[in-house]
Amino acid sequence: MRMTQLFSRTQRDAPADAQVVSHQLLVRAGYIRQLAAGIFSALPLGFRALAKIEQIVREEMDAIGGQELKMPVVNPAEVWQETGRWYQIGAEMARFKDRKDSEMVLAMTHEEVVTDLARQIVESYRQLPLLIYHLQTKWRDDPRPRAGLIRVREFTMKDSYSLDADEAGLDAQYRAHYQAYFNIFHRCGLDVIAVGSDTGMMGGSLAHEFMALTPIGEDTLLLCDGCGYAANRQIARFQKPAAPAEAPLPTERVATPGVTTIEDLTAFLDIPAAKTAKAVFVIAEISDPTPHAQFVFAVVRGDMDVNETKLANALHATELRPATEAEIRAIGAEPGYGSPIGVRDALIVVDDAVAASPNLVAGANAPDAHLRNVNCGRDYQPDIVADIAAAGEGDACPQCGHPLRAERGVEVGNIFKLGTRYTEAMGATYLDHEGKPHPIVMGSYGIGIGRALACVAEAHNDEYGLVWPITVAPYQIHLLTLGPPGSDATAIADRLYAEMTAAGVEVLYDDRNQSPGVKFNDADLIGLPLRVTVAKRGLKQGAVELKRRDSAEREFVPLDDILPTLRARIAEMEAEIAATVVEIPLEA
RNA sequence: CGGGGCAUAGCGCAGUUUGGUAGCGCGCACGGUUUGGGUCCGUGAGGUCUGCGGUUCAAAUCCGCAUGCCCCGACCA
């Protein structure tokens, strides 16, 4: 492609809106343009880079038996009603009516459609296992798009769905994806880790997220350098410091005027936070058996915090929100002085560490008073005892006790064991060899293509611009002529461009009548892996300059050798990436 | 949804406090110059100042309402 014809332009300044490096560089270098919040166009350069990632995804999916197809973006409401997600999902899913007044949705994922296809096509265990996938536009009306392509509302996702006769089959396909995902991201030059994750709205029994580690990431991950334990903070477990064994003492009321926080309380009574109980009041939306709002009184030890995801999971709640002061008083509690003793119409959820800690200080459900020696089970009966405490940096690894390390990450992919959640709801069954029907066992696996591109850009850049891995770069070669139109240099560059193109090398040719500085700067900004400069300086010796974008070294290559040399360099760079594609075993 | 910020040429910004004919840099067009790191000189095009309403002789500027975008939080496969 000649730059004089490329539908693009570079910019010296990034738009003021762009905060993160990947966003700034992708816009400045002419890869993307924003149309609205979380809605972007990919310009030809960006489109080519996305296509490179998509091709890698296809190859790895095909390698584990995937069959590509395409499912529609617009779905009738019925299938979403069949699985219940029509009712569970809120404003994030776009809904509209067609001209006949039928309810339609823009699919934000495709379990429903897959399941509908499966119940039409799959009849026998002989047809299983199956793996189907597609690359499709998704619309999710995220309340807060941000960071360029990192978090958008419209995006392309690869989603695959495994169909199996049993758990063992699902497990095999899950493991195959686990490795395929590492292959995909490594081939894109992205260093990722897999962490255990919440299953969220997808339901299901096991899930991993593939996280690109970066300080701009929105998820907090807890990692163990001792044993390799890795989990999203949402579900991360940890070893809770044990409470000293003590015989339960009689409860005793103590005046604590103006003491409403754990910090105040520990100072006022001169006790460690681990000897206190912290009350958190939330209203949970619970849909089972019938949708209702439930007041929840959650208790963790004062040295810990509530993890809302864990709490919601313990409750099987679809939504949590903080309770208002009026709601807190309505159950007989007092904000700042809450105690599980004597409250009414509240579901009491107690962290397991609280249940195991004797003689805690809790509120007295009255202003300016606390109770000493509160004991779970003796003084109040919990409705649920579960792990609802949040793990944080420095907490002990649940597996080996080593202190956990916190990192930020961007979720570029995820894999879920769905089981029969959708196939049962929609009646997608197969017949076993005895002719008995069983629901198909399903898995679902996603990769955000644009987000992956942004993460690659975020990880591969320097002060001058992008530095693409050769596997993702929109072109392999940036060819520059430093001569004006009609010069020898340009005539030779024209010839090289034709030869490279004919040889199947992907080349972007800067044939513009611009000064050398402009061309070099744009080449650095656009970030193609190899740069070939045709100019008088080299031509005097019959050579052109060759430079890797990721290195300061330059070499002069005789004109006759440039094509084979380029091929060798491309192979070299591809080999460098290939060396990062390694086996990562799935533990457990 | 809560809190904060911004909106003037393609991009970055000044002008708003104190109302008086809309500016700068980059980019763009044309002419010349230059060709190994954003050359230099000249000429020029480009604006419903986010929108609607109000105050005023007069509004980018003051007031009100709306919209859009960004950031923090809530939210989120």
Side-chain angles (χ1 to χ4, degrees), chain A residues 8-20 23-24 27-28 30 33-39 85 88-93 107-111 138 140-148 150-153 155 157-159 197-204 207-211 216 218-219 232 234 282 308-309 312 318-322 410-416 418 443-448 451 464-465 480-490 510 512-525 531 533-540 544-545 547 552 554 556:
Chain A
S8 187
R9 65 194 273 171
T10 56
Q11 285 177 180
R12 198 176 289 218
D13 301 304
D17 285 352
Q19 309 284 318
V20 302
H23 186 193
Q24 292 170 349
V27 172
R28 282 187 56 209
R33 279 297 165 100
Q34 181 166 348
L35 179 64
I39 305 178
R85 289 208 287 186
Q88 285 171 15
I89 300 173
E92 201 187 352
M93 182 161 71
M108 41 195 289
T109 172
H110 281 78
E111 282 76 15
K138 311 274 166 160
R140 292 183 189 176
D141 198 354
D142 194 300
R144 188 152 115 68
R146 58 176 289 272
I150 300 286
R151 189 160 141 178
V152 293
R153 295 192 292 171
F155 56 100
M157 168 165 278
K158 183 288 299 181
D159 38 331
S197 73
D198 184 42
T199 50
M201 74 180 222
M202 306 294 303
H208 283 87
E209 290 169 340
F210 288 75
M211 312 290 308
I216 66 158
E218 299 186 274
D219 287 282
N232 195 310
Q234 291 177 326
V282 300
E308 287 195 19
T309 306
T318 53
E319 207 182 310
L320 295 184
R321 67 167 172 84
V410 172
E411 180 188 353
V412 287
N414 55 40
I415 57 179
F416 286 92
L418 296 178
S444 115
Y445 317 85
I447 289 180
R451 181 179 278 189
Y464 303 109
L480 322 187
T481 170
L482 296 193
S487 64
D488 287 350
T490 298
D510 193 344
R512 298 174 302 170
N513 185 15
Q514 287 285 2
S515 67
V518 171
K519 292 188 176 188
F520 284 133
N521 278 302
D522 277 350
D524 286 344
L525 181 58
R531 189 182 78 192
T533 307
V534 184
K536 260 193 227 158
R537 186 188 283 183
L539 290 177
K540 276 187 280 189
V544 293
E545 185 202 81
K547 178 183 172 296
R554 299 142 192 249
F556 279 100

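As the structure is a prediction and not an experimental result, all values here were calculated from the model. Convention: sequence-line order gives letters A, B, ...; per-chain numbering from 1. Basis for what follows: all heavy atoms, side chains included, without hydrogens, waters or symmetry-related copies.
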(message) Any strand counts, and the cut-off is 3.5 Å on both contacts for Watson-Crick or G-U wobble. Which nucleotide pairs with B:U61?
(response) none
(request) For nucleotides B:G38 and B:U34, find the distance between their C1' atoms and express it as a whole number of Å. (result) 14 Å
(request) Could you tell me whether the side chain of A:Arg151 has a donor or acceptor atom within less than 3.5 Å of a complementary atom in the base of B:C75? (result) yes
(message) Can you measure A:Met93 atom CE to B:C75 atom P for me and round it to whole angstrom units?
(response) 20 Å
(request) At under 4.0 Å between heavy atoms, which parts of nucleotides 37-47 of chain B does protein reach? Answer with one letter per nucleotide, 5' to 3': B base, S sugar-phosphate only, - none. (result) BBS--------
(message) Give me the distance, rounded to whole Å, that separates B:C65 from B:G4 when you measure between the P atoms they each carry.
(response) 15 Å
(message) Quick check against the 3.5 Å criterion: does A:Arg33 have a side-chain atom that pairs as donor or acceptor with the backbone of A:Val27?
(response) no
(request) Working to the nearest 0.5 Å, report the span between CG of A:Leu418 and CD of A:Glu111. (result) 5.5 Å
(request) With the side chain of A:Ala37 defined as its heavy atoms from C-beta on, choose the nearest nucleotide among B:G27, B:C75, B:C70. (result) B:C70
(request) If B:U39 has a Watson-Crick or G-U wobble mate with both distances under 3.5 Å, name it; if not, just say none. (result) none
(message) Tell me whether A:Gln24 contacts the main-chain N or O of A:Ala18 through its side chain, where contact means a donor paired with an acceptor under 3.5 Å.
(response) yes
(message) So, taking the atom named NZ in A:Lys158 and the one named NZ in A:Lys138, what distance separates them when rounded to the nearest 0.5 Å?
(response) 10.0 Å
(request) Quote, to the nearest angstrom, the C1' distance that separates B:A60 from B:C13. (result) 15 Å
(request) Determine whether more than 12 heavy atoms belonging to other residues, nucleotides or ligands lie under 6.0 Å from atom CZ of A:Phe556. (result) yes
(request) Using atom CD1 of A:Ile39 as one end and atom P of B:C70 as the other, report the distance to the nearest whole Å. (result) 10 Å
(request) For the residue pair A:Gln34 and A:Asp17, confirm or rule out a side-chain donor-acceptor distance under 3.5 Å. (result) no
(message) Would you measure the distance from the P atom in B:U16 across to the matching atom in B:G27 and give it in whole Å?
(response) 28 Å
(request) Please measure how far the P atom in B:G12 lies from the corresponding atom in B:G64, and state the result in whole Å. (result) 28 Å
(message) Treating A:Asp524 as the side-chain partner and A:Gly465 as the backbone partner, does any N or O pair qualify as donor plus acceptor under 3.5 Å?
(response) no
(request) For nucleotides B:G31 and B:G36, find the distance between their P atoms and express it as a whole number of Å. (result) 23 Å
(request) Considering only atom P, compute the distance from B:G46 to B:U39 and round it to an integer number of Å. (result) 27 Å
(request) Look up atom CE in A:Met93 and atom CZ in A:Arg85, then write down how far apart they are to the nearest 0.5 Å. (result) 8.0 Å
(message) On RNA chain B, does the nearest nucleotide to A:Leu35 precede the nearest nucleotide to A:Val544 from the 5' side, or the other way round? Give the residue.
(response) A:Val544
(request) Examine distances only and state if a side-chain atom of A:Lys519 and a backbone atom of A:Arg512 form a donor-acceptor pair shorter than 3.5 Å. (result) yes
For nucleotides 2-8 of chain B, print each protein N/O atom paired with a nucleotide N/O atom at under 3.5 Å, atom names and distance only.
none

(message) In whole Å, I'd like the distance from the CD1 atom of A:Ile89 to the C1' atom of B:C75.
(response) 14 Å
(request) Identify, between A:Asp159 and A:Lys536, the residue whose nearest nucleotide on RNA chain B lies closer to the 5' end. (result) A:Lys536
(request) Under a 3.5 Å limit for both distances, which nucleotide forms a Watson-Crick or G-U wobble pair with B:C28, could you say? (result) B:G44
(request) Would you check if the side chain of A:Thr490 reaches a backbone N or O of A:Ser487 as a donor-acceptor pair within less than 3.5 Å? (result) no
(message) Applying a 4.0 Å non-hydrogen cut-off, can you work out what A:Ala18 is touching in the nucleic acid: base, sugar-phosphate, or nothing?
(response) nothing
(message) Using only atom types and a distance under 3.5 Å, with no angle test, would you say the side chain of A:Arg153 pairs donor to acceptor with the backbone of A:Asp141?
(response) no
(request) Provide the distance between the two C1' atoms, one in B:C57 and one in B:A45, to the nearest whole Å. (result) 34 Å
(request) Nearest 0.5 Å please: distance from the CE atom of A:Met157 over to the CZ atom of A:Arg451. (result) 7.5 Å
(request) Report the distance from atom NE2 of A:His23 to atom C1' of B:C71, rounded to the nearest whole Å. (result) 14 Å
(message) So, does A:Arg146 get its side chain near the phosphate of B:C72, meaning an N or O under 4.0 Å from OP1 or OP2?
(response) yes
(request) Remember a base hit wins even if backbone is also touched, and classify A:Ala489 as base, sugar-phosphate or nothing at under 4.0 Å, heavy atoms. (result) nothing
(message) Only pairs with both distances under 3.5 Å count, Watson-Crick or wobble alike; so what is the partner of B:G2 in this structure?
(response) B:C72
(request) Specify the separation, in whole Å, of atom CD of A:Glu308 and atom C1' of B:C75. (result) 10 Å
(request) Measure the CG-CG distance between A:Asp510 and A:Leu480 for me, rounded to the nearest 0.5 Å. (result) 5.5 Å
(message) How many whole angstroms separate atom CG of A:Asp142 from atom P of B:G73?
(response) 14 Å
(request) May I ask you to say what A:Pro484 touches in the nucleic acid, namely base, sugar-phosphate or nothing, with a heavy-atom cut-off under 4.0 Å? (result) base
(request) Just call it for A:Pro485: base, sugar-phosphate, or nothing, with non-hydrogen atoms closer than 4.0 Å on any strand. (result) nothing
Using a cut-off of under 3.5 Å, enumerate the N/O to N/O pairs linking the protein to nucleotides 22-25 of chain B.
none

(message) What's the separation between atom CD1 in A:Ile216 and atom CZ in A:Arg146, rounded to the nearest 0.5 Å?
(response) 6.5 Å
(request) If B:U67 has a Watson-Crick or G-U wobble mate with both distances under 3.5 Å, name it; if not, just say none. (result) B:A7
(request) Report which part of the nucleic acid A:Ala91 touches: base, sugar-phosphate, or nothing (heavy-atom distance under 4.0 Å, all strands). (result) nothing
(message) If I take atom CG in residue A:Asp17 and atom P in nucleotide B:C69, what distance separates them, rounded to the nearest angstrom?
(response) 10 Å
(message) Whether the side chain of A:Lys536 engages the backbone of A:Ala489 through a donor-acceptor N/O pair (distance < 3.5 Å, no angle test) should be reported.
(response) no
(request) Just name whichever nucleotide pairs with B:U56, Watson-Crick or G-U, keeping both distances under 3.5 Å, else none. (result) none
(request) Find the distance A:Gln514:CD to B:G36:C1' and express it as a whole number of Å. (result) 15 Å
